[in-house]
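Here the structure is a predicted model, which is why all the values come from computation and not from measurement.
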Amino acid sequence: MNDKRPTVTRETLKTAKRLLGYVTGVFRVQFVIVVICILMCSVASISVSLSMRFLLDDYIIPLIGNTDPNFSEMYRALTILGIIFALGVVASFVYNRLMVNIGQGVLKKVRDEMFEHMQYLPIRYFDQHTHGEIMSRYTNDTDTLRQMINQALPQVLMSCFTITVTFVSMVVLSPLLTVLAVLMIILMVFVTKKVGNNSGKYFLKQQMSLAAVTGFVEERMNGQRVIKIFNHEKVSEEEFDKFNEELFESSANANKFANMMGPIIGNLGNLQFVLTAVFGGFLSIIGVGGITLGVMASYLQFTRSFTQPFMQIAQQFNAVIMALAGAERIFAMMDEKPEVDEGYVKLVNAKKDADGNIIECKERTGMWAWKHPHQADGTVTYTELKGDVRFFDMTFGYTDKKMVLHNITLYAKPGQKLAFVGSTGAGKTTITNLINRFYDVQDGKIRYDGININKIKKADLRRSLGIVLQDTHLFTGTIMENIRYGKLDATDEEVYAAAKLAYADQFIRRLPKGYDTMLTSDGEELSQGQRQLLAIARAAVANPPVLILDEATSSIDTRTESIVQKGMDNLMKGRTVFVIAHRLSTIRNSDAIIVLEHGRIIERGDHEDLIKQHGTYYQLYTGKLELD
């Protein structure tokens, strides 16, 4: 855990300023109205204490003993006071309504920016953070912002205005008594800072512990079947208890220090009241400072009014610190560097003119080309998209200290089927991740149709690739929408054609609502094989020239596999295909089979060649050696 204190550090002040920027920037006019209304409320509340002096010294005491008192002036003063109170009530209603809109508006903007930024974060970020920990920023951390903006911010503003107006009024009433108040202010600030620093440290720990608990629970919920299969309930419970204990410790300490502040400030206020009464009474008796009964009554009331805002700030202190801790985590995510894309080669619709030259066009022709602007001379060339992928002496590691792939050189010509075989961790999936540019290689090159993929814009590169994974992910929505995810502007006819190509149309039409059947919870209503067929249909509707199949049939039974295999065979026709498979029977007809071990290519060739070599592939195929 990080012990960084979020209260008085420069970073925390930057966080607070940035957070307030959402309030004052997006809702500038509304916030100005709020500030004015809060100032009006503050003045209205202070007028109660200030009126004591005028009512006693100017109206009530002069009328004592008067046989024919005239109350008209006092009635006029009470009327004015009543109007001030009424304005304060209206102002309070207005600013509370506005703060609700401002608070929810700020949260909406923050969540929008978080989600938008998240779309452009590299895959590496999601590898390093659990889903639950990221979700905690959208839920727990943003909720702390809501509490601060809707409750703490207006209360702190009100308290600051009240302290300022009260202090000025106290100075006007009695400069001598105000000296005592200043000494108490210094003491209160010292206590607030001392206790607040400890509180802030633990509130940051609390938010981090809460994220850890959320991530752990999310992970265990997804893995409940595995937990029960291996009787892991007790161990899982003990692991959760450790996370929960850390959350308890940080939360208890944070709230302990935060809750200490209110009583401490309250007792200091009581002490100030007593000292003011004694000191003021002494000055009044000896006739120093012009302290009258009205001045004394108003000043004692001001003493209460002066202490109350400090208590209110103390009560809101924990909400402010929690919000700053939450904002710090939110902004940390928003400040993560987005995926860098320095590519400038684009994928465009193309056709050939009468001379056989490739030209760009707006309409879909079924032909694609790489539009390659050359910075040296300003010319633009077009290369037909065919799906020729080649690796040249490529070396890669997820960290610079540990390389996963070493000097990989291979090629897949247009229309060829290339299969990767090897034990877990050999680097098969890593190669396909590099084709997609989820990561960039440390050394060597990958060329796509003769173009270095670093020069191709990532969105265009990925648009030319289709992928079917072992773990199929389906989104909440209809089957039609899930297939169309591969090509958002696909027509219904294109979706139907893709489903037929993938052998998914038959089972879809047997469902009660057919293509309009709603899927939830990652398509749990369907079998694994049916989900896999939808994934194939999703890839088919995109009609990519290059296809990646990452163990797409390893988690389904043999009978279902034959159906899925038919769909994949249809999808693979005429495309460059990279296949990762544990079942070697599915890759016998590959044009080339690459055997990997510890990130290096140890064998390559077609099925017959590798069988003749009597090497690792031969042992795997004949069952003398098993894949891990």
Side-chain angles (χ1 to χ4, degrees), residues 1-6 15 107 110-111 114-115 117-119 121-147 199-258 318-319 321-336 398-399 424-425 429 438 469-476 520-524 555:
M1 292 293 180
N2 188 354
D3 285 340
K4 182 174 65 174
R5 298 187 177 189
T15 300
L107 293 189
V110 168
R111 285 194 296 264
M114 283 175 64
F115 193 81
H117 185 72
M118 188 179 73
Q119 304 310 301
L121 291 178
I123 293 294
R124 190 184 303 274
Y125 179 83
F126 301 97
D127 291 341
Q128 295 172 349
H129 297 79
T130 66
H131 295 169
E133 195 268 341
I134 295 174
M135 280 301 303
S136 181
R137 303 183 190 225
Y138 284 94
T139 54
N140 301 322
D141 292 333
T142 54
D143 190 59
T144 62
L145 302 190
R146 177 189 61 80
Q147 294 179 31
S199 177
K201 176 181 64 176
Y202 287 111
F203 271 121
L204 179 58
K205 282 187 176 182
Q206 174 186 291
Q207 291 304 107
M208 296 176 70
S209 298
L210 187 58
V213 168
T214 304
F216 182 85
V217 171
E218 187 265 346
E219 186 180 65
R220 291 309 184 271
M221 286 177 63
N222 290 337
Q224 271 301 306
R225 288 182 176 85
V226 177
I227 290 173
K228 292 185 181 301
I229 288 171
F230 291 99
N231 297 314
H232 209 270
E233 293 92 341
K234 190 65 178 176
V235 175
S236 187
E237 180 184 344
E238 291 172 355
E239 290 175 345
F240 175 78
D241 287 343
K242 291 179 182 178
F243 284 105
N244 205 27
E245 181 67 23
E246 289 183 9
L247 177 59
F248 165 74
E249 290 289 342
S250 56
S251 297
N253 285 317
N255 286 282
K256 176 179 70 176
F257 285 108
N318 57 347
I321 296 303
M322 282 180 64
L324 291 178
E328 194 171 309
R329 284 166 40 78
I330 289 171
F331 293 146
M333 177 180 172
M334 293 170 66
D335 291 338
E336 285 284 339
Y398 292 100
T399 64
T424 300
T429 300
F438 290 150
L469 301 172
Q470 175 185 357
D471 298 321
T472 302
H473 184 78
L474 299 176
F475 297 93
T476 299
T520 58
S521 302
D522 210 7
E524 64 177 8
S555 58

Which pair of non-hydrogen atoms, one from [X] and one from [Y], has the smallest distance, and what is that distance?
X: Met333; Y: Tyr125; result: CG-OH, 3.6 Å
X: Thr142; Y: Leu107; result: O-CD2, 3.4 Å
X: Leu324; Y: Thr15; result: O-CG2, 3.9 Å
X: Thr144; Y: Gly326; result: OG1-CA, 4.0 Å

Which distance, rounded to the nearest 0.5 Å, do you find between the [atom1] of [X] and the [atom2] of [Y]?
X: Tyr398; Y: Ile123; atom1: OH; atom2: CD1; value: 10.5 Å
X: Phe216; Y: Asn244; atom1: CZ; atom2: CG; value: 10.0 Å
X: Glu238; Y: Phe243; atom1: CD; atom2: CZ; value: 13.5 Å

Subject >> Phe248 atom CZ: more than 12 heavy-atom contacts under 6.0 Å >> reply: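 For Phe248, atom CZ is not crowded (no more than 12 foreign heavy atoms under 6.0 Å).
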Subject >> Side-chain (Glu524) to main-chain (Thr520) donor-acceptor, under 3.5 angstrom >> reply: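 No, Glu524 side chain to Thr520 backbone: no donor-acceptor pair under 3.5 Å.
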**OP:** Could you tell me whether the side chain of His117 and the main chain of Met334 form a donor-acceptor pair under 3.5 Å?
**Re:**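 Answer holds: yes.
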Original post:
Quick one: which of Arg146, Arg111, Arg329 gives a salt bridge (Lys or Arg N to Asp or Glu O under 4.0 Å) with Asp141?
Top reply: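 So the option named by the test is Arg329.
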Original post:
With a 4.5 Å limit on heavy-atom distance, are the side chains of Phe126 and Ile134 in contact?
Top reply: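 The answer is yes; the side chains approach within 4.5 Å.
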Original post:
Under 4.0 Å between a Lys/Arg side-chain N and an Asp/Glu carboxylate O for Glu336 and Arg124?
Top reply: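 Salt bridge flag = no for Arg124 with Glu336.
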**OP:** Run the numbers on Glu249 and Glu245 for side chain to side chain contact (heavy atoms under 4.5 Å, CB included), then give the verdict.
**Re:** CA-CA 6 Å; Glu249 290 289 342; Glu245 181 67 23; 3.1 Å; yes
**OP:** Report the C-alpha distance between Arg137 and Met118 in whole Å, list the side-chain angles of each, state the deciding distance to 0.1 Å, and finish with yes or no for side chain to side chain contact (heavy atoms under 4.5 Å, CB included).
**Re:** CA-CA 12 Å; Arg137 303 183 190 225; Met118 188 179 73; over 6 Å; no
